[in-house]
Amino acid sequence: MRIGVAKEIKTDEYRIALTPAGARELVQKGHEVLVETTAGEGSAMPDADYERAGAQIVSLDDVWTRSELLLKVKEPIEPEYKRLRDDLVLFTYLHIAADEPLTRALADSGIKAVAYETVETEDRRLPLLAPMSEIAGRIASQAGAYFLEKPLGGRGLLLGGVPGVLPGKVLVLGGGVVGYNAAIIAIGLGAQVTILDKSIDRMRYLDEILSGRVSTVMSSTLQIESMIGDADLVIGAVLVPGARAPKLVTREMLREMKPGAVIVDVAIDQGGCVETARPTTHTDPVYKVEGVTHYCVANMPGGVPITSTKALTNATLPYVEAIADHGLAEAVARDRALALGVNVIDGKITYEPVAEAHGLDYTPLADVLLG
Ligand SMILES: NC(=O)c1ccc[n+]([C@@H]2O[C@H](COP(=O)([O-])OP(=O)(O)OC[C@H]3O[C@@H](n4cnc5c(N)ncnc54)[C@H](O)[C@@H]3O)[C@@H](O)[C@H]2O)c1
């Protein structure tokens, strides 16, 4: 198959959808790989590395017109709509339940659009979202520790303490992928960590794998109220699938917090779990409310494109290979997880929540493929 890798044109997006190592794997399997010129530069992956891996460096027009399968990181944006076509398979993050113009553009073009974020395994894991949550979780503790420094507006406390001085206290709201990764970095720094979650099974698991190095507590408003005043760093990492994040931390609770304490609301991309949170950017990541520093960067993994590109492509490559080796129809017939990734195909919406979100007709994928 001829596989294209387009350059991202969204502001502040430095990732690329395939590493040179991934290109090499595909070329070795007999596929042709076309990489848009300078597409890997933001991730420190120059054209020459792709050429050495056996890929061809091509122009913007060529990557879109010559590819049979096009790999991207972010959803197509308006200037790219005109390039969508019915004999192309697009594999990328789409998030179209929140984007009606793009949903319509995809459907009108007849393209086969497979979304990373809805690929879902039988045990309900989201394998192509998890790497970004892992990265965001790890950044959360790192950024929190940094913004606790006095010259940056923080309390002036070293999260890990030193011998003879107590460490700082970290409260992690939600012990999923983000929360777990935030916890292991905070523990690594030497902080005292408590994770609040709603799921007793998840807390049992965390307790087991972290060998008791964190405390786990059932999440409730009363519990958060009673613990927040003592925390130096609060990390918001909750997710209620398909819904906006619940507001677990209210403005009133902030008044109980220590001046210069830090909140990192990772859940900001789902609206945030802190009442006073609003999205920020890597160039201007923090602001204060009631004396508490808020860090609410909506695309945290974007700050570390080298790591994010590698982590993303580690996760996507097996699916890319499956589509390239077998074609989309056969690949989705073999793998239900990948089938769930198909959002729009031949003008039909095949992912029910997307159809519902926009009041459009839903067509089961099997009906399109068999029909
Ligand atoms: N800002 C960013 O750059 C960025 C990057 C990646 C992920 N995220 C976001 O981070 C959030 C967490 O993602 P994840 O992958 O860890 O999800 P996840 O599903 O793995 O974990 C969410 C956890 O929240 C728990 N939870 C639900 N309601 C709760 C409540 N009321 N109190 C305490 N815990 C509760 C769940 O039981 C679950 O364990 C999501 O909103 C995700 O979109 C943001």
Side-chain angles (χ1 to χ4, degrees), residues 130 132-149 152-155 157-160 167-199 202-203 206 210 213-221 223-240 245-250 253-254 256-258 260-280 285-289 292-301 303-304:
M132 295 306 116
S133 288
E134 288 168 347
I135 291 172
R138 288 174 185 227
I139 293 176
S141 291
Q142 210 170 283
Y146 179 64
F147 283 107
L148 276 169
E149 289 181 22
L152 297 160
R155 297 194 64 215
L157 174 119
L158 181 63
L159 205 50
K169 291 186 177 159
V170 180
L171 205 58
V172 182
L173 308 176
V177 181
V178 169
Y180 165 71
N181 280 277
I184 54 176
I185 294 300
I187 297 167
L189 290 172
Q192 190 186 317
V193 181
T194 306
I195 301 179
L196 279 75
D197 204 291
K198 278 273 188 206
S199 158
R202 182 67 189 174
M203 289 191 283
L206 291 170
L210 294 171
R213 285 179 296 159
V214 297
S215 308
T216 53
V217 180
M218 179 55 76
S219 175
S220 68
T221 305
Q223 195 62 49
I224 296 169
E225 261 171 16
S226 74
M227 297 185 79
I228 204 158
D230 213 21
D232 301 293
L233 169 61
V234 175
I235 295 175
V238 297
L239 178 66
V240 178
K247 300 288 180 209
L248 301 183
V249 177
T250 61
M253 289 183 197
L254 297 188
E256 304 302 315
M257 291 184 73
K258 300 171 190 167
V262 176
I263 296 180
V264 177
D265 195 349
V266 186
I268 191 67
D269 62 338
Q270 303 293 333
C273 61
V274 175
E275 189 185 347
T276 45
R278 56 171 169 79
T280 60
V286 294
Y287 61 93
K288 273 196 180 191
V289 181
V292 174
T293 300
H294 290 48
Y295 175 106
C296 311
V297 175
N299 67 331
M300 294 169 71
V304 290

A.B. asks: Under the criterion side-chain contact (heavy atoms from CB on, under 4.5 Å), which of L248, I224, V170, L173 is the partner of V234?
C.D. replies: L173

A.B. asks: Residues in salt bridge (charged side-chain N to carboxylate O under 4.0 Å, His left out) with R138, at least two apart?
C.D. replies: none

A.B. asks: Would you check if V286 and T280 make a side-chain contact, meaning some heavy-atom pair closer than 4.5 Å?
C.D. replies: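 No, side chains not in contact.
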
A.B. asks: Work out which heavy atom in Y287 is nearest to a heavy atom in A277; give both atom names and the distance.
C.D. replies: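 It is OH-CA, 3.1 Å.
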
A.B. asks: Looking at every non-hydrogen atom in both residues, tell me the closest pair between K247 and G272 and how far apart they are.
C.D. replies: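 That would be NZ-O, 2.9 Å.
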
A.B. asks: Tell me the salt bridge (Lys or Arg N to Asp or Glu O under 4.0 Å) pairs involving residues 167-193, sequence neighbours left out?
C.D. replies: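 Matches after skipping sequence neighbours: K169-D230.
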
A.B. asks: Would the distance check show the side chain of D197 and the main-chain N or O of G175 forming a donor-acceptor pair, the cut-off being under 3.5 Å?
C.D. replies: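 Looks like yes, one N/O pair under 3.5 Å.
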
A.B. asks: Return the CG to CD distance between L159 and E149, rounded to the nearest 0.5 Å.
C.D. replies: 10.5 Å

A.B. asks: Distance-only criterion, 3.5 Å: show the donor-acceptor pairs between side-chain atoms of residues 187-195 and protein atoms not counting sequence neighbours.
C.D. replies:
none

A.B. asks: If the condition is salt bridge (charged side-chain N to carboxylate O under 4.0 Å, His left out), which residues does K288 pass it with, not counting sequence neighbours?
C.D. replies: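 Counting only residues at least two positions away or on another chain, K288 forms no salt bridge (charged side-chain N to carboxylate O under 4.0 Å, His left out).
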
A.B. asks: Give me the atom names and distance for the closest heavy-atom approach of C296 to I268.
C.D. replies: O-CG2, 3.6 Å

A.B. asks: Grab the two heavy atoms, one from C273 and one from G236, that are nearest each other, plus how far apart they are.
C.D. replies: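 What the structure gives for the nearest pair is SG-CA, 3.4 Å.
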
A.B. asks: Does any part of the side chain of M253, heavy atoms only, come nearer than 4.5 Å to the side chain of E275, both counted from C-beta?
C.D. replies: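 No, too far: nothing below the 4.5 Å cut-off.
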
A.B. asks: Any side-chain heavy-atom pair from V238 and P246 closer than 4.5 angstrom?
C.D. replies: yes

A.B. asks: Please check: side-chain N/O of D265 versus main-chain N/O of V274, any donor-acceptor pairing under 3.5 Å?
C.D. replies: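 Present.
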
A.B. asks: Counting C-beta onward and ignoring hydrogens, is there a side-chain heavy-atom pair between V214 and Y180 closer than 4.5 Å?
C.D. replies: no

A.B. asks: Indicate yes or no: at least one non-hydrogen side-chain atom of I235 is less than 4.5 angstrom from one of S141.
C.D. replies: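 Side chain of I235 against side chain of S141, heavy atoms only: contact under 4.5 Å found.
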
A.B. asks: Starting at CG of L196, measure out to CD of Q223 and round the result to the nearest 0.5 Å.
C.D. replies: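 If we round to the nearest 0.5 Å, L196:CG and Q223:CD are 6.0 Å apart.
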
A.B. asks: side-chain contact (heavy atoms from CB on, under 4.5 Å) between L233 and Y295: does it pass, once the steps are laid out?
C.D. replies: CA-CA 11 Å; L233 169 61; Y295 175 106; over 6 Å; no

A.B. asks: Looking only at heavy atoms, what is the nearest atom pair of V292 and K258, with distance?
C.D. replies: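 Between these two residues, the closest heavy atoms are CG2-O, 4.3 Å.
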
A.B. asks: So do V304 and Q142 actually touch side chain to side chain, heavy atoms under 4.5 Å?
C.D. replies: no

A.B. asks: Can you sort out the partners of K198 under side-chain hydrogen bond (donor to acceptor under 3.5 Å, both in side chains), two or more places apart, ordered by chain and number?
C.D. replies: none

A.B. asks: What closest approach, in Å, do P285 and V297 show between heavy atoms, and which atom pair accounts for it?
C.D. replies: CB-CG2, 3.7 Å

A.B. asks: To the nearest 0.5 Å, tell me how far S226 OG sits from E256 CD.
C.D. replies: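 Atom-to-atom, S226:OG and E256:CD are 11.0 Å apart.
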
A.B. asks: Are the side chains of M300 and V266 in contact, using a 4.5 Å heavy-atom criterion?
C.D. replies: yes

A.B. asks: Between CG of L148 and CZ of R155, what distance do you get to the nearest 0.5 Å?
C.D. replies: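 Here the interatomic distance stands at 8.0 Å.
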
A.B. asks: Who pairs with Y146 by ring-ring contact (aromatic ring centres under 6.0 Å, His included), at least two apart in sequence or on another chain?
C.D. replies: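 Not a single residue meets the ring-ring contact (aromatic ring centres under 6.0 Å, His included) criterion with Y146.
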
